[in-house]
Asks: 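Below you will find the structure I want to go over with you.
Atom set for the values below is all heavy atoms of this structure, side chains included, hydrogens, waters and symmetry mates excluded. Quick note on labels: first sequence line is chain A, next is B, and so on, each numbered from 1.
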2 protein chains.
Amino acid sequence: MSDQTEGASHRPAPVHTHPDDVPLLTALSALADPVRIQLIRDLASHPDWALSCSNFDVPVGRAAKSHHFSVLRDAGLVEQRDQGPKRLNRLRREEFDARFPGLLDLTLRADDTE
Amino acid sequence: MSDQTEGASHRPAPVHTHPDDVPLLTALSALADPVRIQLIRDLASHPDWALSCSNFDVPVGRAAKSHHFSVLRDAGLVEQRDQGPKRLNRLRREEFDARFPGLLDLTLRADDTE
DNA sequence: CGCAGTGTTCGATGACCATCTTACAGTGCT
DNA sequence: AGCACTGTAAGATGGTCATCGAACACTGCG
């Protein structure tokens, strides 16, 4: 019983938080970081599931990058899916926008790069 | 020369930043604080210029409160005006909303206290 | 003038957070 | 099995920031 649809995946699946369960303060704090803004913008400019974590071009090491993705997951901004050794990413556009209307658009459309 | 329109006001006028000159990151960071969110909500629930700094009911001392108002000024969220010994406040609704559409509404309408 | 009320500034303190290095765990390929 | 690649976890470090206490400045009033 309790069979997974997947085969033997001996890796802890990433923990997600749905945007509906995210407090406003958490969302704002998650977006109030230049690296995470960059990650989100990169993500937005590619198709869903197109990028694995190592594909993002931010000036921090792997560990910090992993930390940032954890923050983005907790804020309901990013969904992750394991495929082979890679962890593919998807921006939760609609779900997040339903919870915080306009916030994501703001982050993506702001003219300044900071 | 260099006469001010005002009479002899021997107090440094508060320094303001127009929302148009505020980077996204600054705006988000300013809003990513529970005390400042509370200040903004209190401000929104009263008429313009109705509240002086000491009228806000947040669980911090005067010094911290003064600091928070400084942050809000720098983020283009609040305008201040001296009247007698008091410093009256006004939420820059329209100007801020023109620069960051929806962000202020989000902060005011969020159902949770965070 | 002295005094109460209001707000800012300064220095110190403590907490939180972003980052790094290192070590570790899966995955798939040869 | 061994190796290269990918991502996470743990511990340490440095910087930023929220807060406080105390001192200071300005206002208006008695």
Asks: Return the value, rounded to whole Å, for the distance between atom CG of B:N55 and atom P of C:dG5.
Replies: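 For the pair B:N55 CG and C:dG5 P, the rounded distance is 14 Å.
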Asks: Assuming nearest nucleotide by heavy-atom distance, tell me which of A:S29 and B:C53 is located more 5' along DNA chain C.
Replies: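 Final value for this comparison: B:C53.
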Asks: In whole angstroms, how far is the C1' atom of C:dG7 from the CZ atom of B:R73?
Replies: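 From B:R73 CZ to C:dG7 C1': 10 Å.
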Asks: Just the rounded figure in Å: distance from P of C:dA23 to CZ of A:R62.
Replies: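 Interatomic distance, CZ of A:R62 to P of C:dA23: 12 Å.
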Asks: Atom CG of A:L91 and atom CG of A:D42: how far apart are they, to the nearest 0.5 Å?
Replies: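 These two atoms lie 11.0 Å from each other.
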Asks: If you check every side-chain atom of A:R11, which of C:dC20, D:dA18, C:dT27 has the closest atom?
Replies: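 Minimum distance to the A:R11 side chain belongs to C:dT27.
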Asks: Among the clusters formed by ILVMFWY side chains lying less than 4.5 Å apart, do B:L51 and B:V60 turn up in the same one?
Replies: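 In one cluster: yes.
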Asks: Would you mind reading off the distance between A:D82 atom CG and C:dA25 atom C1', rounded to a whole angstrom?
Replies: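 These atoms are roughly 13 Å apart.
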Asks: Closest-nucleotide mapping onto DNA chain D: is A:A63 or A:P85 further toward the 5' terminus? I mean the 5' end.
Replies: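 Upstream on the strand: A:P85.
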Asks: So, is B:H10 near the phosphate of D:dC26, with a side-chain N or O under 4.0 Å from OP1 or OP2?
Replies: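 Answer no for this pair, as no side-chain N or O of B:H10 is under 4.0 Å from OP1 or OP2.
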Asks: Looking only at side-chain N and O atoms, does B:S54 come under 4.0 Å of OP1 or OP2 in C:dG7?
Replies: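 Checking C:dG7 against B:S54, a side-chain N or O does come within under 4.0 Å of OP1 or OP2.
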Asks: Tell me the interatomic distance from B:L72, atom CG, to D:dA18, atom P, rounded to whole angstroms.
Replies: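 In whole Å, D:dA18 P lies 11 Å from B:L72 CG.
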Asks: Counting N and O atoms only, with roles assigned by atom type, does the side chain of A:D97 sit under 3.5 Å from a partner on the main chain of A:L103, one being a donor and the other an acceptor?
Replies: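 No, A:D97 side chain to A:L103 backbone: no donor-acceptor pair under 3.5 Å.
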Asks: Is a side-chain N or O of A:R41 found less than 3.5 angstrom from the main chain of A:T107, in a donor-acceptor match?
Replies: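 Yes.
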Asks: Taking only side-chain N and O atoms of A:R36, does any of them lie within less than 4.0 angstrom of OP1 or OP2 on C:dA18?
Replies: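 Yes, such a contact exists.
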Asks: Could you state the CG-C1' distance from B:D33 to D:dT19, rounded to the nearest angstrom?
Replies: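 Taking CG of B:D33 and C1' of D:dT19, I get 11 Å after rounding.
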Asks: I need the NZ-C1' distance between A:K65 and C:dC20, as an integer number of Å.
Replies: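 Atom NZ in A:K65 sits about 14 Å away from atom C1' in C:dC20.
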Asks: Please determine if a side-chain N or O atom of A:S52 lies less than 4.0 Å away from the OP1 or OP2 oxygen of D:dG7.
Replies: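 True: A:S52 side-chain N/O within range (under 4.0 Å) of D:dG7 OP1/OP2.
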Asks: So which heavy atom on A:V78 is nearest to which on A:H16, and how close?
Replies: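 That would be O-CD2, 3.6 Å.
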Asks: Strictly below 4.0 Å: does A:R87 bring a side-chain N or O up to OP1 or OP2 of D:dT8?
Replies: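 Checking D:dT8 against A:R87, a side-chain N or O does come within under 4.0 Å of OP1 or OP2.
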Asks: With heavy atoms under 4.0 Å as the rule, sort B:S70 into base, sugar-phosphate or nothing.
Replies: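 If one applies the 4.0 Å heavy-atom cut-off, B:S70 turns out to touch nothing in the nucleic acid.
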Asks: Take the protein atom NZ of B:K86 and the nucleotide atom C1' of D:dA25, then report the distance between them rounded to whole Å.
Replies: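 One finds 18 Å between C1' of D:dA25 and NZ of B:K86, rounded.
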